[in-house]
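Take a look at the structure below.
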2 protein chains.
Amino acid sequence: MENGIANLLGALSLAVMDRIEQGAREVVGRGGETPAALIVIGYGQGMTNDKLRRILGLSHSGTVRLVDRLVSDRLVERRPGKDGREVALHLTASGVASRNELLASRISAVTSLLEVLSSAERKQLATLIRALLARQDTSEMDRFTICRMCDDRVCTNCPLPTNKGQHGH
Amino acid sequence: MENGIANLLGALSLAVMDRIEQGAREVVGRGGETPAALIVIGYGQGMTNDKLRRILGLSHSGTVRLVDRLVSDRLVERRPGKDGREVALHLTASGVASRNELLASRISAVTSLLEVLSSAERKQLATLIRALLARQDTSEMDRFTICRMCDDRVCTNCPLPTNKGQHGH
DNA sequence: GTAAATATGTGCGTAGCGCACATATCTGGT
DNA sequence: ACCAGATATGTGCGCTACGCACATATTTAC
């Protein structure tokens with residue numbers, strides 16, 4: 001394989017993430033995995049502290065403190081979970097609003113880089129990225145991790161597989 | 001413009017940077033902008049603290065402390081600059097070695113994601129990314145920032161322009 | 001009914017960074 | 001030659017984001 005393409009994708013990815021993270025920090029006033037946490041909790045699948053920890057790739061205590069910050073910012077509430085041990089994380093009204101701003105800011109940041117391409121070029125690029133993602137060997141948890149900033153309002157059919165390995169049943 | 005492509009590129013960029021940053025942390029034992037600093041200093045254009053600050057997008061003091069860390073790790077040396085105010089940053093032998101490991105780790109991380117594409121698909125993708133980057137309106141400093149992790153051993157002709165705006169002469 | 005597993009919270013330390021301030025050198029105008 | 005402003009670096013101090021080790025509560029399995 002030729003390495004030029006890897007370097008180009010690395011540079012583009014850095015530029016994309018710089019812009020996304022800058023926008024996210026402006027919207028929620030926090031960095032690190034905090035913006036992603038807000039988005040993930042907003043997916044609303046009865047998120048718990050421990051699931052969040054795995055998706056974000058943080059330590060347990062780091063996740064607890066992250067949720068502490070979101071709670072002190074009045075963006076998230078801790079409610080009793082089904083299981084008596086679990087905590088069910090829910091967005092407040094203000095949390096939902098911040099999350100929507102966050103998603104809009106992210107799409108806008110990436111779009112500003114993409115708009116120099118023609119409509120046909122963007123279609124080509126979309127097809128290639130979709131293929132690239134679809135052929136990765138990702139577990140369900142990997143998928144949540146990669147998609148932890150994704151906009152569920154525009155990403156209807158995610159190309160990522162959820163069945164890593166797929167050896168037998 | 002359709003937003004699906006922006007979301008896809010955002011997700012891919014996140015996956016790419018996750019892998020690059022994880023590898024970088026394993027190689028140099030440090031996170032944040034420290035790996036990028038090591039690469040930038042290695043370009044060897046008589047790097048100073050202040051130029052580095054602008055490229056990395058950090059505060060002045062943050063940059064001084066970052067260099068302190070690199071010096072205490074024996075990867076960088078502070079030498080007197082041409083101008084009596086400036087400090088000339090130079091990699092030590094061990095710094096050069098770490099930088100090479102860092103670059104190799106980055107290329108390897110991105111390549112592992114790309115190798116599911118056919119050779120023809122990779123060529124298409126390279127062409128599209130090259131076009132996307134070439135048409136951005138970037139200043140020379142923007143270029144250094146975007147390329148702060150780039151592998152100068154494989155990136156021969158960078159597509160990024162260096163003449164932002166280009167109003168008048 | 002007790003041991004192991006699961007889920008959360010806490011004390012404590014560290015890395016990475018910014019703000020405000022201090023210091024040293026260079027530049028330009030008189 | 002001199003002095004004000006610009007330029008470049010270093011420092012005191014605090015904060016955010018995070019991990020490790022430990023403590024606690026609940027559930028599951030034998």
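Lettering follows sequence order; numbering is per chain, from 1.
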Write down the distance between NZ (B/Lys82) and P (C/dC26), rounded to a whole number of angstrom.
13 Å
Between the side chain of A/Thr48 and the main-chain N/O of A/Ala88, is any donor-acceptor distance below 3.5 Å?
no
Distance-only donor-acceptor check, side chains B/Asp142 and B/Ser139, under 3.5 Å:
yes
Nearest-Å distance, NE2 (A/His60) to C1' (D/dA23)?
10 Å
Send over the distance from A/Met47 CE to C/dT8 P, rounded to a whole Å.
11 Å
Between C/dC17, C/dG18, D/dA8, which one does the side chain of B/Ser59 approach most closely?
C/dG18
Using only side-chain N and O atoms of B/Arg69, determine if any of them is under 4.0 Å from OP1 or OP2 of C/dA15.
no
Atom-to-atom span, CZ of A/Arg65 to C1' of D/dA17 - whole angstrom:
11 Å
Judged by each residue's nearest nucleotide on DNA chain C, which is more toward the 5′ side, A/Val87 or B/Asp83?
A/Val87
A/Arg53 CZ - C/dA7 C1' separation (whole Å)
10 Å
Looking at D/dT9, C/dT10, D/dG19, which one has an atom nearest to any side-chain atom of A/Val64?
C/dT10
How many Å lie between CG on A/Leu58 and P on C/dT8, as a whole number?
14 Å
Checking contacts here: which listed nucleotide (C/dT10, C/dT8, C/dC17) is nearest the side-chain heavy atoms of A/Ser61?
C/dT10
Would you mind classifying the nucleic acid contact of B/Asp68 as base, sugar-phosphate or nothing, using non-hydrogen atoms under 4.0 angstrom?
nothing
Only one of B/Arg53, B/Arg65, B/Arg148 passes salt bridge (Lys or Arg N to Asp or Glu O under 4.0 Å) with B/Glu33, and that residue is B/Arg148
Sugar-phosphate only, base, or nothing, as touched by B/Gly81 at under 4.0 Å among non-hydrogen atoms:
nothing
DNA chain D in dot-bracket, Watson-Crick or G-U pairs under 3.5 Å, [ ] crossing, | other strand?
||||||||||||||||||||||||||||||
Closest to the B/Thr34 side chain: D/dG10, C/dG16, C/dT25?
C/dG16
Atom CD of B/Glu86 to atom C1' of C/dT23: distance rounded to whole Å?
17 Å
Check every strand shown and say whether B/Arg30 touches a base, only sugar-phosphate, or nothing at a heavy-atom separation below 4.0 Å.
sugar-phosphate
Which value, rounded to the nearest 0.5 Å, describes the distance between B/Leu52 atom CG and B/Ile41 atom CD1?
5.0 Å
Using atom CG of A/Asn49 as one end and atom P of D/dC18 as the other, report the distance to the nearest whole Å.
13 Å
Sugar-phosphate, base or nothing in reach of A/Thr48, heavy atoms under 4.0 Å:
sugar-phosphate
Spatial distance of atom CD1 (B/Ile146) from atom OG (A/Ser13) [nearest 0.5 Å]:
12.0 Å
From the candidates C/dC17, C/dC26, C/dA5, the one with an atom nearest any side-chain atom of A/Arg85 is C/dA5
Looking at every heavy atom in both B/Leu8 and A/Ala126, which two are closest together, and how far apart are they?
CD1-O, 4.0 Å
So what does A/Arg78 hit on the nucleic acid, given a heavy-atom distance under 4.0 Å: a base, only sugar-phosphate, or nothing?
sugar-phosphate
Closest non-hydrogen contact found for A/Leu75 with A/Ser98 is CD2-OG, 3.6 Å
May I ask you to check whether over 12 heavy atoms, not counting those of B/Arg153, lie within 6.0 Å of atom CZ?
yes
